[in-house]
Every structure is written in structure tokens, then in C-alpha cells.
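Working notes, beginning with the structure itself.
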Amino acid sequence: VPVGDQPPDIEIQIRDMILEYIAKPTAIILAVTAANTDLANSDALMLARQVDPAGNRTIGVLTKLDIMDKGTNAMDMLLGKVVPLQNGLCWCDQSQSRRYCERTADPQSS
């Protein structure tokens, strides 16, 4: 949605710019998605799949695990059961002023 003096087609301009860069066969795609959203409908993953359908250049990054609703669990996402990724999924958590980043899949084991 355009804000302030942004052009009415700002969303299209941004999408086209992203696609221009990630379409390059040498680009590594970091598809960043918040854990408190629906991973299966992630814009980042949808764009990545358009240019890298096999997922050879895509690494998922899951953020905001620390603000997920109580009682919810990200384990299926982290294990690649929701959206399987060739190169796995990283997760980042920032809680109590500490930062963690972990990989949940070893690409060599695939």
C-alpha cells in the first residue's frame, strides 16, 4: 500500500526489483519470513520459487520465534515439513538481548 508520496505502483516496483536480482543464476536467495505468519503463503518463498523452483539457491530464514503466540510450535516449520527447502532453514531469535541463529538442515545430508 503506497504511503505518503510513494507512487501507486510501489508494490509492483519493489517486486520487479527483487525479481531482477534473484533471477540471476549466481544469486543466493535468503527467503526471510516471520515465524508468526503463515510460512506456506510467504511472499519471500513465493518469489524464490518463481526463479528457483528446485530450491537450489534458496535458504529459508525464520525470524521472530520469540514473539509467537503461546501454545504454538514452529517445529514443523524448522524441520522442513511445512515448506521443504533444498538448503534448509535458518532461524533467528532475539530475546533477552541475546541473538541466536541456527541451521536446521545440513545440505550435505540431502
I22 side chain reached by Q50 side chain, heavy atoms, under 4.5 Å: no
Atom pair CG (D43) and CD1 (I18), whose distance is rounded to the nearest 0.5 Å: 8.5 Å
How close do A34 and K64 get, heavy atom to heavy atom, and via which atoms? CB-CD, 3.9 Å
Atom of T58, atom of A48 and distance for their closest heavy-atom approach: OG1-CB, 3.7 Å
I28 CD1: over 12 foreign heavy atoms closer than 6.0 Å: no
For N41, the side chain to side chain donor-acceptor pair (under 3.5 Å) test, sequence neighbours excluded, returns D38
Which heavy-atom pair separates L65 from A35 by the least distance, and what is that distance? CD2-CB, 3.5 Å
Should L45 and V51 be counted in the same cluster of Ile, Leu, Val, Met, Phe, Trp and Tyr side chains packed under 4.5 Å apart? no
Shortest non-hydrogen contact between Q13 and P7, atoms and distance: NE2-CG, 3.5 Å
Just wondering, do E11 and R15 contact through their side chains at under 4.5 Å, heavy atoms? yes
Between CG of L19 and CD1 of I12, what distance do you get to the nearest 0.5 Å? 12.0 Å
How close do V1 and Q6 get, heavy atom to heavy atom, and via which atoms? O-OE1, 4.0 Å
Looking at every heavy atom in both L89 and L85, which two are closest together, and how far apart are they? CD1-CD1, 4.0 Å
Nearest 0.5 Å, what's the CG-CG distance between N36 and L62? 9.0 Å
Going by heavy atoms in the side chains, are L47 and I29 under 4.5 Å from each other? no
